[in-house]
Each structure stands twice: as structure tokens, then as C-alpha cells.
Student: 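Dropping a structure here in C-alpha cells format, bear with me for questions.
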There are 2 protein chains.
Amino acid sequence: MADSANAKPIRTALSGEDGIDLAIIELFFFAYRDFTSDPDLILAKYGFGRAHHRVLYFVNRKPGLTVAELLDVLKITKQSLARVLKQLIDSGHVTQVQGPRDRRQRELYPTARGRTLALALARPQSRRIRAALESSTSTEREGIERFLKAMVNPELRAQIDNLPGNMPGEDHGKQ
Amino acid sequence: MADSANAKPIRTALSGEDGIDLAIIELFFFAYRDFTSDPDLILAKYGFGRAHHRVLYFVNRKPGLTVAELLDVLKITKQSLARVLKQLIDSGHVTQVQGPRDRRQRELYPTARGRTLALALARPQSRRIRAALESSTSTEREGIERFLKAMVNPELRAQIDNLPGNMPGEDHGKQ
DNA sequence: AATTTATGTCAGCCATGTTGACATATTTTT
DNA sequence: AAAAATATGTCAACATGGCTGACATAAATT
């Protein structure tokens with residue numbers, strides 16, 4: 001029924017009484033939106049989008065990963081990846097090396113240019129995080145990290161731990 | 001230069017030494033991805049996407065908001081909004097009411113059906129949050145909320161505070 | 001030798017963002 | 001009252017980045 005018969009407007013606001021954690025739902029929405037807006041400005045100068053950012057990020061984070069591994073992290077199809085990967089290779093940000101054991105594989109590495117761009121993209125995000133944590137104790141930081149990690153599907157947490165410097169329970173003594 | 005001359009692969013992984021907070025950057029990425037995946041499954045049954053979700057969410061969160069206000073929260077163009085809004089109206093999830101003072105305005109309200117769907121979409125997200133906060137103290141929760149809020153651009157924090165039940169510094173005693 | 005696997009590629013579709021132009025009704029200003 | 005500004009709607013065209021399906025190639029495995 002798409003008629004307007006029972007389309008009476010509800011005038012009461014949805015709010016926490018329904019046992020729903022609206023506060024964190026919308027904080028997460030706004031926080032993530034602004035978090036991604038920093039790199040977007042830089043990417044636009046190169047004609048790149050967020051898809052390029054994600055590829056560049058993980059290639060820098062785990063140099064030498066294969067196309068299959070990257071697809072697994074990004075959870076997109078190879079056809080989607082192919083488009084942006086081609087552009088990153090053509091622009092000299094990423095380079096491919098034939099797999100040493102299995103020569104069907106293509107190991108993906110950043111070039112110097114790709115490393116520079118990855119750092120430039122991460123910098124404002126890191127700055128935003130540092131500012132947001134400014135008044136936090138290291139205990140609070142741990143609580144935040146634990147929360148974010150617990151928000152990830154358990155099966156996928158392994159992907160995070162597999163990245164260099166992310167051994168489970170490891171201490172991150174930044175700033 | 002798009003040639004492969006200076007395309008030497010960099011084999012060292014990008015890691016925290018550069019003073020960059022990679023840990024939280026990637027936790028945020030993975031956490032948000034899985035956070036949004038819950039509602040996506042439900043939306044698919046209706047032929048809706050995330051764009052519909054966002055509209056439905058804010059219309060429920062602030063019933064009676066005008067088109068202009070909604071555009072301001074979502075930061076998209078009216079043409080983008082028009083498409084999804086039309087579908088939500090046609091499917092009887094949202095209804096428009098002529099503004100009482102200014103009759104040019106269209107106040108947007110959820111219908112009963114729209115409220116039901118909004119709740120169904122929020123439920124799994126809230127469940128995920130509750131599970132992630134399971135072992136957290138209320139102090140830690142405060143730390144997490146403060147962090148997320150500090151991640152939002154200062155100019156935009158007003159939008160959050162303007163939503164019902166989000167007076168600055170208010171206590172959220174959920175669960 | 002046959003099959004499976006890793007990757008690449010072509011073609012087309014869909015969702016959701018964009019810009020620009022223009023129409024309409026209503027309110028505000030002059 | 002007339003003119004200008006405002007809120008909204010709509011048309012058309014385009015870009016990005018997802019998707020599916022089909023097929024090609026080279027290399028590894030059986």
C-alpha cells in the first residue's frame with residue numbers, strides 16, 4: 001500500500017526510550033563523516049576518490065600483499081578493484097611484482113610517490129585523532145580502542161591483527 | 001611521470017613510527033564498515049540503500065524538519081535528496097506536511113511504517129554497540145562519547161546537540 | 001594431460017553523488 | 001502593488017564506484 005490513507009504523520013521524536021543507543025549511533029555517523037572528509041580534499045587534487053585511498057592505504061600498510069588478499073580486506077569485487085588499481089599503477093603510486101613462489105600472483109607495493117601520498121592522507125586523520133584524544137588518559141584511549149575493535153565482526157578481527165604492529169594486546173604508545 | 005622508471009617497490013610497511021596513529025585509523029575504518037553492514041541487509045529487502053537509511057533516520061529523529069534542514073544535516077544536494085525522498089514518500093514511510101507558518105516549506109514526518117522501519121534498522125546497530133560496551137564502565141562510555149564528539153568538526157557539533165535528547169553534557173543512562 | 005587457480009578484461013547495470021537550468025508558490029522587501 | 005528573494009521541485013546530463021556475467025591467459029596442481 002503506497003497510498004496516503006494510513007500515512008498519518010508521527011510527531012514524536014524517536015529517542016532513547018526504545019532502548020536504542022541513538023547517542024552513539026549518530027555520533028559514529030557524524031564522526032566518521034568528518035574523519036573521511038580530510039583526505040577527500042587531498043584526493044580530489046589527484047582525481048582520486050575514497051576507493052583509491054583504501055587501496056593505497058592497505059598497500060602501504062602491508063607491502064607485497066597479493067590482489068586476492070587485498071580483495072579480501074576491501075570486500076569488493078576484482079572488477080571494482082581493477083579500475084582504481086589500474087589508475088594507481090598508471091600514476092606511479094603502486095607497482096606490481098610477480099610473486100616469487102607463485103608466478104601467477106601479483107604482489108602490490110607502494111612506490112616512493114605512493115608512500116608519500118599515503119602519509120599525506122593519513123596525516124590530517126591522525127591529527128584529528130590526536131586532537132580528539134587530547135584530554136584523554138591512556139586508560140581512556142585503551143577503552144576507545146577496545147570499543148572500536150569490539151564493533152568489528154569477530155571473524156574479521158584477524159585482518160586487523162594481521163597488519164604489521166597490531167599484535168593482539170600490543171601497546172600503542174603514541175604521542 | 002607515469003613511467004615505471006622510478007617505480008621501485010617500497011618493501012617496508014607503513015607503521016606508527018611516522019607519528020601517525022594507524023591503530024585508530026584502521027579500527028575506525030573496520031568498525032564503521034561493519035556498523036553499517038547490519039542495516040544494509042534489511043534495507044536490501046525494501047530496495048533501499050544507505051541514502052534512504054540516513055533520510056529515514058533523521059526524519060524520525062527530528063520529525064517535522066524541513067527539506068532545507070535535512071539537506072543541511074546530510075550535506076548533499078537537493079537533487080540527490082529528491083530521488084530517495086520521493087521513494088520514501090511513495091512507499092509510505094515518510095509524509096510531507098505544508099509548513100504552518102511558511103507554506104513554502106514541507107515538513108517531513110515519519111509514518112507508522114517509517115517509524116517501524118527506522119527502529120528495525122537501529123536495533124542491530126544498538127545491539128552491536130551494547131555488545132561492544134559490555135565490559136566497559138560508564139566512565140569508559142563517557143570517554144568514548146567524548147572522543148567521538150571531538151572527532152566531529154566543531155561547527156557541526158551544533159547539529160548533534162540540536163537533536164532531541166542531546167543537550168550538551170546530558171546524561172545518557174541507557175541499558 | 002586435465003583441471004584448478006590467480007589474475008585480467010570487456011560489457012553493462014545500478015545507486016548515489018554532482019552541476020546547471022528552470023518552474024512554481026509564497027514570503028519579504030521596496 | 002510590484003519586485004525580489006526564498007523554499008521547493010524537476011529535468012537533464014554526468015561521474016564514481018559498487019555489482020554481475022562471461023571469457024582469456026598463464027601458471028600451478030592433480
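Residue numbers start from 1 in every chain, and the chains themselves are labelled A, B, ... in the order their sequence lines are given, proteins ahead of strands. Because only heavy atoms are used, hydrogens play no part in the values below, and waters and symmetry mates are left out as well, while side chains stay in.
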Student: Taking all non-hydrogen atoms of both residues into account, name the closest pair between A/Ala122 and B/Ile25 and its distance.
Tutor: O-CD1, 3.9 Å

Student: Where does the chain B footprint on DNA chain C start and end, counting 5' to 3' with a 4.0 Å heavy-atom cut-off?
Tutor: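 Boundary nucleotides touching chain B, in 5' to 3' order, are C/dT16 to C/dT27.
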
Student: Taking the nucleotide of DNA chain D with the nearest heavy atom to each, does A/Gln98 or A/Phe48 sit closer to the 5' end?
Tutor: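 That would be A/Phe48.
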
Student: Would you kindly compare A/Arg103 and A/Gln87 by the position of their nearest DNA chain D nucleotide and give the one closer to the 5′ end?
Tutor: A/Gln87

Student: From C-beta outward on B/Asp102, which listed nucleotide comes closest to its side chain: D/dA7, D/dC19, D/dA27?
Tutor: D/dA7

Student: Heavy atoms only: give me the nearest A/Leu56-A/Ala118 pair and the separation to one decimal.
Tutor: CD2-N, 3.9 Å

Student: Would the base of D/dT8 count as contacting B/Arg104 through its side chain, where contact means a donor and an acceptor less than 3.5 Å apart?
Tutor: no

Student: Is the number of heavy atoms from other residues, nucleotides or ligands within 6.0 Å of CD (A/Gln98) greater than 12?
Tutor: yes

Student: Within this structure, what is the CG-to-P distance between B/Asp40 and D/dC19, rounded to whole angstrom?
Tutor: 12 Å

Student: Could you state the NE2-P distance from A/His53 to D/dG18, rounded to the nearest angstrom?
Tutor: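 Value for this atom pair: 13 Å.
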
Student: Restricting to non-hydrogen atoms, name the atom on A/Ser37 and the atom on A/Asp34 that form the minimum distance, rounded to 0.1 Å.
Tutor: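 Between these two residues, the closest heavy atoms are OG-O, 2.7 Å.
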
Student: Send over the distance from B/Leu108 CG to D/dA7 P, rounded to a whole Å.
Tutor: 15 Å

Student: Nearest heavy-atom pair of A/Ala23 and B/Arg141: which atoms, and what distance?
Tutor: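 Minimum heavy-atom contact is CB-NH2, 4.2 Å.
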
Student: Any chain of hydrophobic side-chain contacts (each under 4.5 Å) joining B/Ile10 to A/Leu65?
Tutor: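 Cluster IDs for B/Ile10 and A/Leu65 differ.
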
Student: Check this for me: does any side-chain nitrogen of one of B/Arg157 and B/Asp161 sit under 4.0 Å from a carboxylate oxygen of the other?
Tutor: no

Student: Answer with base, sugar-phosphate or nothing: what part of the nucleic acid does B/Arg50 contact at a heavy-atom distance below 4.0 Å?
Tutor: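 If one applies the 4.0 Å heavy-atom cut-off, B/Arg50 turns out to touch the sugar-phosphate alone, with no base involved.
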
Student: For A/Arg106 and D/dT25, give me the distance from atom CZ to atom C1', rounded to whole Å.
Tutor: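 Between C1' of D/dT25 and CZ of A/Arg106: 10 Å.
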
Student: Name every residue in residues 54-80 of chain A that has at least one heavy atom under 4.0 Å from any atom of DNA chain C, in order of residue number, or write none if there are no such residues.
Tutor: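 Close to the strand are A/Thr66, A/Val67, A/Ala68, A/Lys78, A/Gln79.
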
Student: Identify which one of B/Leu108, B/Thr111, B/Val94 satisfies the side-chain contact (heavy atoms from CB on, under 4.5 Å) criterion when paired with B/Leu88.
Tutor: B/Val94

Student: Without decimals, in angstroms, what is the distance between A/Leu85 CG and D/dG18 C1'?
Tutor: 16 Å

Student: Is B/Glu69 paired with B/Lys62 through a side-chain N to carboxylate O contact shorter than 4.0 Å?
Tutor: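 No.
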
Student: Does A/Gln96 reach a base, just sugar-phosphate, or nothing at all? Heavy atoms under 4.0 Å.
Tutor: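 Counting heavy atoms under 4.0 Å across all strands, the contact made by A/Gln96 is with sugar-phosphate only.
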
